[in-house]
Structure formats: structure tokens, C-alpha cells
Amino acid sequence: MSTYKNIDTALIHGGISTDERTGAVNVPIYQTSTYKQDGLGKMRGYEYSRTGNPTREALEALIAELENGYAGFAFGSGMAAATAVLSLLNTGDRVLISSNVYGGTFRVLDKVFNHFGITYTISDTTDLKAFEQSITPDVKAVMIESPANPLMTVTDIRAIAEISHRHDLLVIVDNTFMTPYLQKPLDLGADIVIHSATKYLGGHSDVVAGLAVVSTQELAQKLAFIQNSTGGVLPPFDSFLLIRGIKTLGVRIDRHVYNAEKSAEFLANNKAVRNVYYPGLENSQGYEINKAQAKNGGAMISFELYDNYDIRVFFESLKLISLAESLGGVESLVCHPSSMTHASIPYEIRRKVGITEGLIRLSVGIEDIEDILEDLQQAIDKSEVK
């Protein structure tokens with residue numbers, strides 16, 4: 001395994017990128033459940049594919065290198081990765097979560113982990129003083145997103161990590177929106193990074209996967225035990241697809257971001273649009289913080305139309321852009337967070353944090369920017385209530 005200082009090279013050649021036996025420039029798909037042993041206790045490095053598989057191992061080595069971590073772990077979905085990481089906690093522990101997070105993260109804490117005596121508190125991680133005041137003796141971890149889904153709220157990862165570590169808290173950062181190409185939370189002080197690799201890392205809406213990267217050997221040993229014991233591992237073929245997707249991450253993200261910046265400017269200057277949430281706009285919340293900790297504003301945008309526009313008609317009028325769950329694929333997607341990705345969060349909490357019924361989330365794809373803007377405008381025009 002080699003380590004490359006330039007991420008564009010590491011995306012292609014990082015981790016275990018070739019097959020030593022044959023010289024194949026792609027890691028083979030080891031589609032096997034078990035491995036022949038040469039005698040009792042005489043294994044060739046693998047015994048059962050839940051415990052370890054060469055294709056998955058190559059992916060795990062790759063994401064560890066990209067995030068500058070100690071070890072990586074691949075799971076069957078982003079929520080499987082998050083569930084495994086949260087399983088590091090014990091009964092009686094509490095975790096602090098950002099005021100707007102992915103609905104699935106809220107749901108697994110609110111409806112699953114509460115059965116095991118693991119609780120949560122919602123905290124405004126953009127307010128450092130309020131965040132520290134929310135740390136009670138039972139708090140053992142903080143789980144944040146930056147930018148956060150769906151309001152693109154920016155949290156100062158380094159500052160949160162410094163405060164958290166003074167209180168001996170585990171710092172977990174969901175880096176799905178930014179990927180290691182744009183932001184490296186471990187370098188900013190986080191202990192664990194998780195990804196819904198279904199999104200930008202896969203990049204083609206053809207695989208469901210999750211990844212986690214830890215900063216220390218101790219965490220690696222604990223998470224490896226959980227991964228093997230609970231068994232939510234990523235299959236070999238999906239691991240291969242994800243490795244292939246990651247190879248083009250840099251060129252894809254560059255195009256995603258270019259289109260997102262143009263789209264954000266278009267929306268910000270559109271008379272039909274009330275609010276635009278995008279960390280790359282200079283007047284956005286957390287712009288300077290995001291500029292310091294990330295390469296740019298990423299490719300996710302949320303916005304709201306004025307009341308004299310019917311969002312149902314807007315969604316139905318789109319032609320190029322698809323109304324769908326998920327994000328980060330080469331195709332542009334929109335969703336309605338309050339009824340889709342964040343429906344599991346109670347209405348009162350959504351209202352309090354600003355996830356309104358009129359909020360639209362846009363995952364900007366890599367199509368020609370003129371086609372994207374034209375589709376947005378014609379859908380806006382048709383949705384105006386006259």
C-alpha cells in the first residue's frame with residue numbers, strides 16, 4: 001500500500017489499487033464467502049468474508065488513506081456505518097447531535113438506540129458557548145455534519161473538537177456532503193468520520209454503501225469487533241463499484257461544484273426565491289468558517305420559493321432534474337426534506353430548526369449548467385400562482 005500526498009493521485013492509486021498476483025490494475029472482485037485453510041490455524045490471511053474480504057479490504061485501505069485516518073471500515077449503507085459507530089457507546093451514555101442532521105441519524109437515535117439506554121440531545125453546534133453548556137456528565141460523544149443536511153449549516157469542526165476533547169468526548173463527523181476531496185475532519189481534530197458512500201463517493205446512484213474512518217488503533221480495534229460481530233459489511237461487488245467510483249471523485253466534484261456555484265448565484269438573484277442556503281455564497285451562515293476548513297462550498301443547495309409559488313407544481317414541472325431521495329450522483333436531484341429525507345423528525349423540531357414545508361434541497365449534478373438553470377427556471381415559472 002502506498003501513500004500519496006496529492007489527493008487526485010491517491011483517489012486512483014491509493015490504498016490497495018492493484019492485484020499483486022496478476023498485475024491487474026483493478027482490484028479483483030473476490031466473490032467468495034469462505035477461504036481454504038492449509039491446516040488447523042493455517043490461514044492465508046482470510047477465513048470468512050464477514051470478517052475480511054480482499055476487495056473490501058482494498059476499499060477500506062483507500063478511504064483510510066483519503067481521510068488521513070488510521071483504519072477504514074466498509075458497511076452495507078451509510079446508516080449501517082452510523083449504527084456501528086454509535087454502538088461504541090454504552091447504556092447510560094448521551095450523544096449531542098447538530099440541530100439539523102440527516103433524518104435517518106435522528107431516527108436511529110430516537111427509535112432504536114433509546115431502547116438500549118443511549119440518549120441524545122439536540123445542540124446548536126454553531127454556538128460554541130451554548131454547545132459547551134449542553135455538555136452534561138452523561139454526554140460521551142458529539143455527532144455533527146458540516147455542512148448540515150438540509151440547511152447547509154456550517155459548524156467549526158476544529159473548535160467543536162477542542163471543546164469536546166476537554167470533556168473527553170468522542171467527536172464523530174458525517175463528511176458525506178464534502179467528501180475527503182473537499183474536507184478532512186480528522187485533520188481538524190475529529191476522532192471518527194462517517195460517509196454515506198452511496199452519495200458522492202459512489203457518484204453514480206448505483207450502489208448503497210457506508211464508510212467509517214477512525215483516527216487511532218484503539219478505535220480501530222473496537223470498531224473492527226463491532227463490524228465483525230454485527231455483520232453489516234459491504235459485499236465484494238459493491239466494494240468494487242465504490243472503488244471505481246472513487247477514482248473519478250476529483251473530476252466529478254470539480255464539475256459538481258462549478259455547477260453548484262452557478263446554480264446558487266442564479267437562485268440568489270431570482271425574484272421567485274426567498275432564501276438560498278449554500279456555504280459558497282459570501283453572505284451565507286458560516287462562510288468564513290467553511291472557507292477555512294473546506295476547499296469550497298460543495299455541491300448541495302437548499303432554497304425556498306415565495307408563498308405565491310406552488311412547490312408541488314414546481315416539482316412536477318421539472319424535466320431534467322429528478323425528484324428523488326439521495327444525492328451526490330452525476331444526475332441532478334431535488335427533494336422535499338420535510339416529507340422525504342427528514343420526515344422522521346417531528347414537525348415541531350423541524351419548524352424550530354428551520355426545516356420548513358417550503359424547503360427544497362437540490363443536489364447539483366454534472367450536466368451542462370445551462371440545461372440545469374433552464375430546467376429550474378421553467379419549473380419556477382410554471383409554479384407561480386397567478
Side-chain angles (χ1 to χ4, degrees), residues 1-4 7-36 43-67 69 71-84 175-176 179-181 193-214 220 223-224 227-228 230-253 255-256 326-331 365-366:
M1 186 175 77
S2 300
T3 300
Y4 297 90
I7 192 167
D8 283 297
T9 301
L11 291 168
I12 300 167
H13 299 287
I16 303 168
S17 63
T18 60
D19 179 45
E20 289 188 8
R21 188 176 71 85
T22 65
V25 297
N26 287 296
V27 174
I29 303 168
Y30 286 90
Q31 196 67 41
T32 184
S33 61
T34 192
Y35 306 83
K36 180 181 178 181
M43 296 170 288
R44 305 179 192 180
Y46 303 92
E47 56 181 315
Y48 189 61
S49 276
R50 170 170 45 79
T51 306
N53 176 278
T55 314
R56 191 177 86 231
E57 183 181 77
L59 170 63
E60 292 172 334
L62 175 59
I63 193 60
E65 179 174 338
L66 296 178
E67 287 283 11
F73 301 88
F75 298 89
S77 69
M79 284 312 305
T83 297
N175 202 30
T176 298
T179 80
Y181 187 72
V193 174
I194 58 175
H195 291 275
S196 173
T198 309
K199 313 304 194 293
Y200 288 108
L201 293 176
H204 294 80
S205 302
D206 58 5
V207 63
V208 175
L211 296 172
V213 181
V214 299
L223 194 55
Q227 182 192 46
N228 184 47
T230 57
V233 297
L234 191 66
F237 182 66
D238 290 350
S239 298
F240 170 82
L241 287 177
L242 199 48
I243 292 170
R244 186 178 67 164
I246 288 172
K247 288 179 186 291
T248 61
L249 179 67
V251 292
R252 285 188 289 106
I253 290 290
R255 180 59 174 266
H256 279 295
S326 199
L327 58 100
V330 292
E331 62 285 310
I366 65 172

**OP:** Determine the interplanar angle of the H13 and Y4 rings, folded into 0 to 90°, and report it as parallel if under 30°, tilted if 30 to 60°, perpendicular if over 60°.
**Re:** tilted
**OP:** To the nearest 0.5 angstrom, please state how far the NE2 atom of H204 sits from the OG1 atom of T198.
**Re:** 14.0 Å
Subject >> Distance in Å, Y181 OH paired with Y200 OH, rounded so as to fall on 0.5 Å steps >> reply: 13.5 Å
**OP:** Tell me yes or no: between the side chains of Y35 and N53, is some donor less than 3.5 Å from an acceptor?
**Re:** yes
Original post:
Hey, does the side chain of Q227 reach the backbone of A74 with a donor-acceptor pair shorter than 3.5 angstrom?
Top reply: yes
**OP:** Nearest 0.5 Å please: distance from the CZ atom of F75 over to the CD atom of E60.
**Re:** 7.5 Å
Subject >> Non-hydrogen side-chain atoms of L201 and T179 separated by less than 4.5 Å >> reply: yes
Original post:
If you take all heavy atoms of L11 and G250, which pair is closest and at what distance?
Top reply: CD1-N, 3.4 Å
Original post:
Between T34 (side chain) and E47 (backbone), is there a donor-acceptor pair under 3.5 Å?
Top reply: yes
Original post:
Roughly how far apart are L211 CG and L234 CG, rounded to 0.5 Å?
Top reply: 7.5 Å
Original post:
How far apart are the closest heavy atoms of A10 and E65, and which atoms are they?
Top reply: CB-OE2, 3.8 Å
**OP:** Look only at the side chain of T18 and the backbone of A24, and say whether a donor-acceptor pair between them is shorter than 3.5 Å.
**Re:** no
Original post:
Is there side-chain contact between R56 and P236, with heavy atoms separated by less than 4.5 Å?
Top reply: no
**OP:** Could you walk me through whether L62 and S17 pass side chain to side chain contact (heavy atoms under 4.5 Å, CB included), step by step?
**Re:** CA-CA 8 Å; L62 175 59; S17 63; over 6 Å; no
Original post:
Rounded to the nearest 0.5 Å, how far apart are CG of L59 and CZ of F73?
Top reply: 12.0 Å
Subject >> Any donor-acceptor pair under 3.5 Å from T51 side chain to N228 backbone >> reply: no
Original post:
If you look at every heavy atom in S49 and V233, which pair is closest and at what distance?
Top reply: O-CG2, 4.4 Å
**OP:** Look at the aromatic rings of F237 and F240 and report parallel, tilted or perpendicular, splitting at 30° and 60°.
**Re:** parallel
**OP:** Indicate the atoms forming the closest heavy-atom contact of I16 with E57, along with that distance.
**Re:** CD1-OE1, 3.9 Å
Original post:
Between I7 and P180, what is the shortest heavy-atom contact and its length?
Top reply: CD1-O, 3.3 Å
**OP:** Can you measure from CG (D8) to CD1 (I253) and round to the nearest 0.5 angstrom?
**Re:** 11.5 Å
Using atom types as modelled, flag every donor-acceptor pair under 3.5 Å from a side chain in residues 241-249 to any protein atom, sequence neighbours excluded.
residue : atom : partner : partner atom : Å
K247    : NZ   : I12     : O            : 3.1
T248    : OG1  : G245    : O            : 3.2
T248    : OG1  : R252    : NE           : 3.0

**OP:** Determine yes or no for a side-chain-to-main-chain donor-acceptor pair under 3.5 angstrom, with S77 supplying the side chain and S196 the backbone.
**Re:** no
Original post:
Which heavy atom in A71 sits nearest to a heavy atom in A220, and how many Å separate them?
Top reply: CB-CB, 3.9 Å
